> 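Once you've had a glance at the structure underneath, I'll fire off some questions.
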Amino acid sequence: MCGIVGYIGRKEAYPIIIKGLKRLEYRGYDSAGVALLHPEMVIFKKAGKVVDLEKVADPTKTSATIGIGHTRWATHGEPNDRNAHPHLSNSGKLAIIHNGIIENYASIKEELIKRGYHFDSDTDTEVLVNLIEEVQKKENTTLDNAVRIALNEVVGAYAIVVLNIDNPDQLIAARKGSPLVLGIGEKEFFIASDASPIIEYTKNVVYLDDQEYAVLNRDGSYSIKTLGNVEKSHEIQKLEFSLEMIEKGGFEHFMLKEIYEQPKAIEDSLRGRMNASQGWIKMGGLTEYSNKILSADRFIITACGTSWHSGLIGEYLIEELARIPVEVEYASEFRYRNPIIDEKDVVLAISQSGETADTLAAIELAKERQALIYGICNVIGSSIARASHAGSYTHAGPEIGVASTKAFSTQVSIITLIALQLAEKKGTIPASRVRQLLFELEGISKKIEETLLVDAQVKEIAAIYKDASNFLYLGRGVNFPVALEGALKLKEISYIHAEGYPAAEMKHGPIALIDENMPVVFLATNKSAYEKIVSNVQEVKARKGKIIAVVHKGDTHIRSLADHIIEVPETDEILSPLITIVPLQMLAYHIAIMRGCNVDQPRNLAKSVTVE
Ligand code: F6R
């Protein structure tokens, strides 16, 4: 949430910052702003998107070679010009950009007001920049030391960058709980919430750890210290992705590109981890802690949103194949109760961004209680990946569309491999069944490619139901989480109310909603419960609901009952979510486009939820 960019070097900072902010807009797009040292402090900020900011930026004042920029997802204060970042200190000498929340801002603000400070915005960020100024004055110290002392006084999460009019050759950045990457160029530095604004200029990066701050100097020198004032040396890492991977590549929207990237993303997630003909599975993270994992009393899967849905599929897979009891917990609930968890538990934390605050807090709690943490993340070097004892990256490549698509399918394929490796080691299913599923998994990308061909047909269905007020999604077994995920996709990008339910639960309540205006999407590919699903379809038909059914190719029975069918290739039932989710992602996409919604940046949402 919130994207931050900073630059110091010999190039013009403004174009680098603007381009970077556009790449980070998925993190928040309520307002945007930049501060440049020209050498006077120049600030442009505007409610709305980065393009709106560009309209108000005075082109005669954008030639600075040092600056900071921000794209906001509002927490404290409405998304207006006044609350947009950067924020200035009362003296006008310091400008700050901030991602996160300062929880004790109210008491600090009260104290600062008593000392004569005034505030122009409703933000916690303006409080922080004035606290830094006050500390610097009171302690008569350098700015970096003042930043360090001030950050020791605040409670909450932050990634910040500070610009100082008295030192136009230095930027100061710090983080706790919100990500920050430093790009190390030739006598120039880039700072950003993720590496996408940096990749174009350098592949050399340093990931700041929590409670660390960096001082970046124009002469190319830099230092990193902990907030406890201990010098740190970080290895420079090489970025693994390319510029093309974060561009749209001919697609109109990132979401559509990412839907179409799923076959390749799944191949990438499986590469080097399995081979069906040779019959092996190698999940590095599992091997390292194999004793503890194989003797675990139970698995707890914790995640949020779409990642929580893949966790529900994981529950099904791990219990079915490896016979290990699994509980799936919303991270936001788990962290605030007093869960029974100890060293015999394994916690699987699933997160695309690896930065979700609730998931991170849930794993910290589980770690305190000695559980083993296995992270399944997409973003390399992310906070959750680093906080885990072991784990697997999903290798989906950068996911920019706010609605998660390829992250979901790669999470499901990784969990499938985990379940299979555990099953193989525990001997809970015959080796022949492991082999059969590996073959099926190896071929799943081809079947997803075939599934993508339903696009035009799904678009026609979307045109019929684009004005519906409600949608119901029904599935059974492993396809119940797919129903939840289909409903989430629709509501988050088209703003149509949608609910996912286990098909058999419909009669316990939701059936009351069904009339001729209610489209009901059935996931009807499960062989094991086929007759039961047919009965559920009949129940909806009897009440004149409109039936859109995802079925296997050649299904004639449901075809005769449904208003619309979407045929998908057949696969083993437990792998079917990898296929059945695709038409639901497309349905949400096309409906949202037809309703004029911004699918890549839906209202009120942000890609990486780094606040509670
Ligand atoms: C939905 C969506 C969100 C995320 C959730 C968790 O399309 O993207 O529900 O799945 O915010 O995010 P990660 O996976 O980054 O922890």
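Order of listing sets the numbers, starting from 1, for every ligand and every atom in it. All values derive from a computational prediction rather than experimental measurement.
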> With distance as the sole test, does Asn378 use its side chain to make a donor-acceptor pair with the main-chain N or O of Ala396 at under 3.5 Å?
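Judged by distance alone, yes, a pair lies under 3.5 Å.
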> Compare every heavy atom of Val599 with every heavy atom of Ala592, then report the nearest pair and how far apart it is.
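Smallest heavy-atom distance, with atoms named: CB-CG1, 3.4 Å.
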> Looking at Glu485 and Lys489, is any side-chain nitrogen of the basic one under 4.0 Å from a carboxylate oxygen of the acidic one?
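Yes.
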> Look at Glu261 together with Lys257 and state whether they make a salt bridge at an N to O cut-off of under 4.0 Å.
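The answer is yes: the pair qualifies as a salt bridge.
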> When you look for protein heavy atoms under 4.0 Å from ligand 1, which residues do they belong to?
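Residue list for ligand 1: Cys304, Gly305, Thr306, Ser307, Ser351, Gln352, Ser353, Thr356, Val402, Ala403, Ser404, Leu488, Lys489, Glu492, Val609.
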> Closest approach of Glu399 and Ala407, non-hydrogen atoms and distance?
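Heavy atoms only, the tightest pair is OE2-N, 2.9 Å.
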> Check side-chain hydrogen bond (donor to acceptor under 3.5 Å, both in side chains) between Glu320 and all other residues, then give those that pass, not counting sequence neighbours.
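Listed in chain order: nothing, the list is empty.
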